[in-house]
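Input: a single structure, listed below in structure tokens.
Only a predicted model underlies this, so the values are computations on that prediction, with no experimental measurement involved.
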Amino acid sequence: MAGSNRRIVERAGPWGFVFLLAYVGAAIYFVSESDGSFRHVILGLLRALVWPVYVVYHVLTLIGA
């Protein structure tokens, strides 16, 4: 449509920043808990990606869902 004044508003931008901060914080925590070997550092970075899954799972089991 030529001449259309359509606007797209992205509303998830601030949440992306919050999730980035959560990942960086988790990565710092899990890497600092490792022994420093390459394998454990990579494992810590992967754990930083999936820790929210475990939190949601345990919260759901706590509330009996």
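Taking CZ of Phe30 as the start and NE2 of His40 as the end, the distance is 13.5 Å to the nearest 0.5 Å. Distance OH/Tyr23 to CG/Leu49: 4.5 Å, rounded to 0.5 Å.
When the side chains of ILVMFWY residues are joined at heavy-atom separations under 4.5 Å, either directly or via intervening members, Tyr29 and Val50 end up in two distinct hydrophobic clusters. In the hydrophobic cluster analysis, where Ile, Leu, Val, Met, Phe, Trp and Tyr join through side-chain heavy atoms closer than 4.5 angstrom, Trp15 is grouped apart from Val24. Under the 4.5 Å side-chain heavy-atom criterion for grouping Ile, Leu, Val, Met, Phe, Trp and Tyr, Tyr54 is not connected to Val59 through any hydrophobic cluster. Ile42 and Val31 end up in the same hydrophobic cluster when Ile, Leu, Val, Met, Phe, Trp and Tyr side chains are linked at under 4.5 Å. Cluster membership check: Phe38 shares its hydrophobic cluster with Val41, using side-chain heavy-atom separations under 4.5 Å among Ile, Leu, Val, Met, Phe, Trp and Tyr.
By the 4.5 Å heavy-atom criterion applied to side chains, Trp51 and Leu46 are not counted as neighbours.
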